[in-house]
Amino acid sequence: MMETNTEPRFRIFDVLQSEDYEQIVFCQDQASGLKAIIAIHDTTLGPALGGLRMWNYESEQEALTDVLRLAKGMTYKNAAAGLNLGGGKAVIIGNAKTDKSEALFRAFGRYVQSLSGRYITAEDVNTTVADMDFIHMETDYVTGVSPAFGSSGNPSPVTAYGVYRGMKAAAKWKFGTDSLAGKTVAVQGVGNVAYNLCRHLHEEGAHLIVTDINEEALKRAEADFGATVVKPDEIYAVECDIFAPCALGAVINDKTIPQLKAQIVAGAANNQLAEDRHGDVLDENGILYAPDFVINAGGVINVADELEGYNRERAMKKVELIYDNMMRVFEIAERDGVPTHVAADKMAEERIHMMSRSRSQFLKVEKSILGRR
Ligand SMILES: NC(=O)c1ccc[n+]([C@@H]2O[C@H](COP(=O)([O-])OP(=O)(O)OC[C@H]3O[C@@H](n4cnc5c(N)ncnc54)[C@H](O)[C@@H]3O)[C@@H](O)[C@H]2O)c1
Ligand SMILES: CC(C)C[C@H](N)C(=O)O
């Protein structure tokens with residue numbers, strides 16, 4: 001048929017080729033209402049491990065853009081963390097408050113199983129250990145399920161500990177001491193990760209300024225840590241030493257950077273820079289940026305340990321090393337005279353490149369990947 005529409009067309013293979021994505025899987029199941037997308041970005045280092053997000057996307061295009069961006073982020077996160085894992089991610093299009101069901105997650109689990117281990121799932125925004133338990137009824141290629149299965153459970157507290165370690169490294173580099181006692185940290189979003197981060201910071205004697213759109217979360221932070229509460233749009237401009245984005249992506253942008261009083265940006269959120277050039281602007285303004293995929297790798301390091309038979313002590317030792325990894329990023333940035341986000345990309349890309357010379361595609365080993373059944 002002739003094409004009559006003159007609008008520019010969205011060309012999926014152009015998008016996939018531009019960042020060299022390996023595979024996209026569209027998953028639909030009418031009985032449960034499942035509409036999901038799994039994106040596998042790169043399996044040079046191993047199977048693609050990344051979380052499952054549930055979000056009420058305004059359009060399918062928005063969901064696809066999100067999953068692609070997040071999957072690529074996992075390739076970099078896993079590579080930079082020294083894991084033998086590639087990058088992937090999944091999204092379910094739906095309302096996490098009203099659309100969750102056993103059938104929905106089990107239908108998703110069957111799609112994960114169909115990939116025979118090329119993609120391994122886990123928690124991300126709006127998905128929980130209980131959701132992973134449903135997925136686990138259909139596939140072994142899921143991490144972060146209940147500890148009763150020999151798994152590691154909720155990754156958020158471990159992510160928080162990794163962010164805390166990375167923040168200390170940033171403080172050491174910027175202020176000459178890694179003590180956070182007496183420092184003021186402005187925390188955007190006090191959800192699963194940030195509540196635990198605030199606990200570490202409070203215990204060390206840091207002052208906390210917090211914001212959230214959830215009143216309950218704010219009350220808890222105020223009561224438990226004596227945090228000062230500000231409105232969501234006020235958080236960027238507060239007087240503080242460290243700004244910790246722990247809610248949304250793209251919060252470091254042209255509007256927010258001029259407001260920042262902080263000398264360090266270090267938080268849990270994925271994809272904090274609206275565009276790469278915003279990392280350059282932070283650098284030009286003398287603000288030290290702790291690259292998101294390096295500092296927030298604690299959760300994936302923890303769930304990845306399940307692949308060897310979960311050992312919490314071993315996992316936490318690996319998470320501790322986020323401090324050293326962050327220092328390495330700062331050293332590379334100084335050595336090469338580049339902003340820290342460029343140094344972090346370089347660190348991840350060099351590892352992938354090195355391994356791609358000896359192995360080009362992940363091949364499944366015929367044994368249970370989790371070894372817990
Ligand atoms: N959970 C993990 O282990 C993990 C690992 C790596 C990265 N991350 C990233 O860290 C971030 C937080 O994850 P989480 O698991 O704590 O999620 P969460 O949903 O528990 O917490 C996010 C919090 O941000 C708040 N929020 C949303 N919009 C806001 C706004 N405009 N202003 C202020 N607050 C707002 C929410 O109300 C919520 O309390 C996400 O970007 C996630 O991708 C999480
Ligand atoms: C595997 C998960 C724990 C991944 C986590 N949601 C992240 O963004 O790092």
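Counting starts at 1 for both ligands and their atoms, following the listed order.
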Do ligand 1 and [X] have nitrogen or oxygen atoms that lie under 3.5 Å from each other?
X      : answer
Asn296 : no
Val190 : no
Thr159 : yes
Lys77  : no
Gln188 : no
Ala268 : yes
Val125 : no

Within a distance under 4.0 Å of any heavy atom of [X], pick out the atoms of ligand 2 and give their elements.
X      : result
Gly299 : 3 (C)
Asn270 : 8 (O)
Lys77  : 7 (C), 8 (O), 9 (O)
Val303 : 1 (C)

Exercise. Do Asp66 and Arg69 meet the salt-bridge criterion of a basic N to acidic O distance under 4.0 Å?
Worked result: yes
Exercise. Would you call Glu123 a ligand 1 contact, heavy-atom distance under 4.0 Å?
Worked result: no
Under 4.0 Å from a heavy atom of [X]: which atoms of ligand 1 are those, numbered in the order shown and with their elements?
X      : answer
Gly191 : 16 (O), 20 (O), 21 (O), 23 (C), 39 (O)
Arg53  : 43 (O)
Asn214 : 37 (O)

For this session: Could you tell me whether ligand 2 has any atom less than 4.0 Å away from a heavy atom of Arg53?
Result: no
Exercise. With backbone taken as N, CA, C and O and side chain as the heavy atoms from C-beta onward, which portion of Asp124 lies under 4.0 Å from ligand 2: side chain, backbone, both, or neither?
Worked result: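 Both backbone and side chain.
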Exercise. Where on Glu123 is there a heavy atom closer than 4.0 Å to ligand 2, on the side chain, on the backbone, on both, or on neither?
Worked result: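 Glu123 to ligand 2: backbone contact only, side chain stays beyond 4.0 Å.
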For this session: Would you check if there is a donor-acceptor pair between the side chains of Thr256 and Asn253 at a distance under 3.5 Å?
Result: yes
Exercise. Does the side chain of Ile264 come within less than 4.5 Å of Leu288's, by heavy atoms?
Worked result: yes
For this session: For atom 1 (C) of ligand 2, grab the closest protein heavy atom and report residue, atom and distance to one decimal in Å.
Result: Ala122 CB, 3.5 Å
Exercise. Among protein heavy atoms, which lies nearest atom 28 (N) of ligand 1, and at what distance?
Worked result: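 Sorting protein heavy atoms by distance from atom 28 (N) of ligand 1 puts Ile213 CD1, 3.5 Å first.
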Problem set entry | Heavy-atom pair of closest approach, residues His278 and Ile257 | O-CD1, 3.8 Å
Problem set entry | Minimum heavy-atom distance between Phe225 and Arg199, given as atom pair plus value |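 Distance-wise, the nearest heavy atoms are CE2-CA, 3.6 Å.
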Problem set entry | ligand 2 N/O within reach of Lys89 N/O, cut-off under 3.5 Å |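 Such a contact does occur with ligand 2.
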For this session: Please assess Asn270 against Lys77 for the test side chain to side chain donor-acceptor pair (under 3.5 Å), listing each intermediate value before the final yes or no.
Result: CA-CA 10 Å; Asn270 281 313; Lys77 189 181 302 194; 3.0 Å; yes
Exercise. Are Phe243 and Tyr236 close enough that their ring centres sit under 6.0 Å apart?
Worked result: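 Yes: the rings meet the under 6.0 Å criterion.
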Exercise. Parallel under 30°, tilted from 30 to 60°, perpendicular over 60°: which one fits the rings of Tyr164 and His200?
Worked result: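 Geometry flag for His200 against Tyr164: parallel rings.
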